[in-house]
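These notes concern the structure reproduced below.
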Amino acid sequence: MSAVDAAQPGAARGWFALLLLAPFQFIFGLIYSWGAIAPAIHLQSGWSHATLNLAFSLTPLALLPSVVFAGRQLARISPKTLLAAALALFTAGGVIAIAWNSPLPFMLGYSIIALGVGAGLSTAACIALVARLYPARRGSLGGGLLALYGMSSTVSAPVFDSLNAQLGWRPALAVLLLGYAALGWLAWLRLPATSPAVSSKGSATRITLWHMVRHARLRWALIGVLAAAPLGSASFAAIGQLSRGLGFSASFAVAAVSLMALGNGLGRLGFGILADALGARFSRNAVLAINAVAGLLLLTAWHGAGPRLFAVYPLLIGLSFGGMAGKLPALASYVVEQGHADSAFGLLFGTFALASFLGPLANAAVGMNAALNILAVCAFGACLPALFGR
C-alpha cells in the first residue's frame with residue numbers, strides 16, 4: 001500500500017487532511033497583518049518607520065533560502081516532519097520577539113525566524129503534502145492554500161486590533177502568537193504521515209540546484225517570475241500614493257488597497273484551478289498576459305492618455321500578482337520531471353519571495369514614478385517565455 005493510500009483510506013479523511021493545513025496559512029500569513037501591527041508598535045514603542053519597514057522586508061529575504069532548502073529536503077524527509085520544524089521555529093521565534101521590548105530581538109525572532117524561515121518550511125511542506133494526497137488537484141488545492149495565506153489578514157488584523165485596544169501591542173501579539181502556535185500543534189497532531197518524494201524508479205533522488213536551473217523550462221519560469229512579480233509588490237506598497245497622484249479621491253485610494261487584496265486572493269485560487277483544468281503552461285501564460293495588460297494600463301494612465309482607466313488597475317494587478325503565486329504548485333510539476341517537483345517549487349516560490357522584496361526596494365531606490373515605469377516594461381519582457389513556447 002502506498003503512503004497516499006495509507007493516509008487516505010476514504011475521501012472524507014482525505015479532505016479532513018486538507019482542512020488541517022488551513023491553520024498553517026493563517027499562522028505564517030501573519031506577515032500580511034503588518035499594516036495593522038506596525039502602527040501600534042510605532043505609537044506605543046516609538047520605533048522608527050525605517051525600523052518597521054526593515055522588519056517587514058526581512059521576512060521575504062529569510063523566506064527565500066528557507067523555501068529553497070525545504071524543497072530540497074522533501075526528497076529525504078516527510079512534509080509532516082518539515083511542518084513540525086516550521087512550528088518549532090514559529091514558537092521559538094515568537095518567544096524571542098516578545099521577551100524583549102527591543103527592535104533587534106523582534107526582527108530576529110518575528111521577522112526572520114518565525115515568519116521568514118518558518119514560513120519557508122511550512123509553505124513547501126504544505127504544497128508537498130497536497131501533492132502527495134491529491135496529485136490530480138495539485139494546482140487548485142495548492143492555489144487555495146496560498147490564497148488563504150495571502151488573505152489571512154482578514155482574520156488576524158481584526159483580532160490583533162481588538163486585543164491591542166485592550167492590552168497593548170506586546171500582550172496582544174503574544175496572545176495571537178501563542179494562540180496560533182497552539183492551533184498549529186493541534187492540527188499537526190492529526191495530520192497524516194506521508195513519505196518523502198520518490199522518483200519513478202522508486203528511490204529518492206537528488207540533483208544539484210545548478211543542474212535544475214540549467215533545465216530550460218525551469219530557467220524560463222524563474223526568469224518570468226522575477227521579471228513579472230515586482231510590479232505587483234511595488235504596487236501593493238504604493239497603491240494609495242499612486243491613486244492620489246493620478247487624481248483619485250482619498251476614498252478610492254483606500255478602496256484600491258482592498259481591491260488589490262481581493263484580487264490577490266482570487267488570483268491565487270483561480271489560477272491554481274485554471275492550471276488543473278487547462279494546464280500549468282496555459283495558466284502561466286494567462287497570468288503573464290494579465291500582468292502585461294496591467295502594466296500597459298498603468299503606463300497609459302500615468303502618462304495622461306487615459307487616467308480613468310486606472311480604476312481597474314488595483315483589481316487587475318492584484319489578480320495577476322496573486323495568480324503569480326497560485327500557479328506555482330502546478331507549474332513546478334510542469335517544468336521538471338515529477339520526482340523533482342518539490343525542489344522546483346522551492347526555487348519558484350523563493351524567486352517569487354525575492355521578487356516581492358525587489359518591488360518595494362525599487363520604489364525606495366529610484367522613486368515610485370521611475371520604479372513603476374521600469375517594472376511595467378519588465379512585465380512586458382516577462383512574456384518572452386510564452387513567445388518562445390517554453
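Ser320 places a side-chain N or O within donor-acceptor distance of the main-chain N or O of Ile317, the cut-off being under 3.5 Å. The closest donor-acceptor contact from the side chain of Gln44 to the backbone of Gly168 lies at 3.5 Å or more, if one exists at all. A side-chain donor-acceptor contact under 3.5 Å links Ser233 to the backbone of Pro230. Under the 3.5 Å distance criterion, the side-chain polar atoms of Ser102 are left unmatched by any main-chain donor or acceptor of Pro105. Remark: side-chain polar atoms of Asn291 are paired, donor with acceptor, to backbone N or O of Ala228 under 3.5 angstrom. Remark: side-chain polar atoms of Thr91 are paired, donor with acceptor, to backbone N or O of Leu87 under 3.5 angstrom. Panel note: side chain Arg190, backbone Leu20; no donor-acceptor pair is recorded below 3.5 Å. Not a single donor-acceptor pair under 3.5 Å links the side chain of Ser283 to the backbone N or O of Leu274. With Ser122 contributing its side chain and Gly118 its backbone, the two residues share no donor-acceptor pair below 3.5 Å.
Expressed to the nearest 0.5 Å, how far CG of Leu89 lies from CD1 of Ile113 amounts to 7.0 Å. Of the inter-residue distances, the one linking Arg268 atom CZ with Phe321 atom CZ reads 6.5 Å to the nearest 0.5 angstrom. Atom-to-atom distance recorded for Cys378:SG and Asn373:CG is 11.0 Å, nearest 0.5 angstrom. Atom CG in Leu348 sits 12.0 Å away from atom CD1 in Ile127 (nearest 0.5 Å). Between the OG1 atom in Thr351 and the CG atom in Leu222 there is a gap of 4.5 Å [rounded to 0.5 Å]. Atom-to-atom distance recorded for Met324:CE and Leu231:CG is 8.5 Å, nearest 0.5 angstrom.
When side chains are defined from C-beta on, Leu299 counts as touching Phe380, because their heavy atoms get closer than 4.5 Å. Counting only heavy atoms from C-beta outward, the side chains of Lys80 and Leu129 never approach each other to under 4.5 Å. Contact annotation: the side chain of Thr51 approaches that of Ser48 to within less than 4.5 Å [non-hydrogen atoms, C-beta and beyond]. Side-chain atoms of Leu163 and Pro171, non-hydrogen and from C-beta on, never get closer than 4.5 Å to each other. Proximity of Leu298 to Phe310: side-chain heavy atoms (C-beta onward) are separated by under 4.5 Å at one or more points. Side-chain contact check for Ile96 versus Tyr110: every heavy-atom pair is 4.5 Å or farther apart. Side-chain atoms of Phe352 and Leu63, non-hydrogen and from C-beta on, never get closer than 4.5 Å to each other. Inter-residue side-chain proximity for Phe69 and Leu64 is flagged as unmet; no heavy-atom pair is nearer than 4.5 Å.
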(request) Apply the test side chain to side chain contact (heavy atoms under 4.5 Å, CB included) to residues Leu354 and Val225: give CA-CA distance (whole Å), side-chain angles for both, the deciding distance (0.1 Å), then the verdict. (result) CA-CA 10 Å; Leu354 175 62; Val225 171; over 6 Å; no
(request) Carefully, step by step, assess Ile112 and Thr59 under the rule side chain to side chain contact (heavy atoms under 4.5 Å, CB included). (result) CA-CA 5 Å; Ile112 297 176; Thr59 294; over 6 Å; no
(request) Show your reasoning for whether side chain to side chain contact (heavy atoms under 4.5 Å, CB included) applies to Phe282 and Val287. (result) CA-CA 9 Å; Phe282 181 88; Val287 168; over 6 Å; no
(message) Walk me through whether Leu372 and Ser235 qualify under side chain to side chain contact (heavy atoms under 4.5 Å, CB included).
(response) CA-CA 8 Å; Leu372 290 175; Ser235 298; 4.0 Å; yes
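Of all non-hydrogen atoms in Leu30 and Ser156, the two that sit nearest each other are CD1-CB, 3.7 Å. Shown here for Leu115 and Ile31, the closest heavy-atom pair between the two residues is CD1-N, 3.7 Å. Closest non-hydrogen pair, Leu173 versus Phe160, comes out as N-CE1, 4.0 Å. Closest approach of Gly323 and Phe271 over heavy atoms only: CA-CD1, 3.6 Å. Across all their heavy atoms, Ser66 and Gly120 have their closest contact at OG-CA, 3.2 Å. Residue Ala62 comes nearest to Gly116 through the heavy atom pair CB-CA, 3.8 Å, listed as atom of the first residue, atom of the second, then distance.
Placement of Leu226 and Ile374 in two distinct hydrophobic clusters is found when ILVMFWY residues are connected by side-chain heavy-atom separations under 4.5 Å, directly or transitively. Under the 4.5 Å side-chain heavy-atom criterion for grouping Ile, Leu, Val, Met, Phe, Trp and Tyr, Phe90 is connected to Val155 within one hydrophobic cluster. Under the 4.5 Å side-chain contact rule for hydrophobic residues, Leu183 and Val95 do not share a cluster. Cluster membership for Ile37 and Leu167, using ILVMFWY side-chain heavy atoms within less than 4.5 angstrom, is shared. Tracing side-chain contacts under 4.5 Å through hydrophobic residues (I, L, V, M, F, W, Y), one never reaches Leu83 starting from Leu186; they form parts of separate clusters.
Ring centroids of Phe24 and Trp185 are separated by 6.0 Å or more, keeping the two rings apart. Checked against the 6.0 Å centroid threshold, Phe26 and Tyr180 do not count as a close aromatic pair. When ring centroids are compared, Trp47 and Phe106 come within the 6.0 Å threshold.
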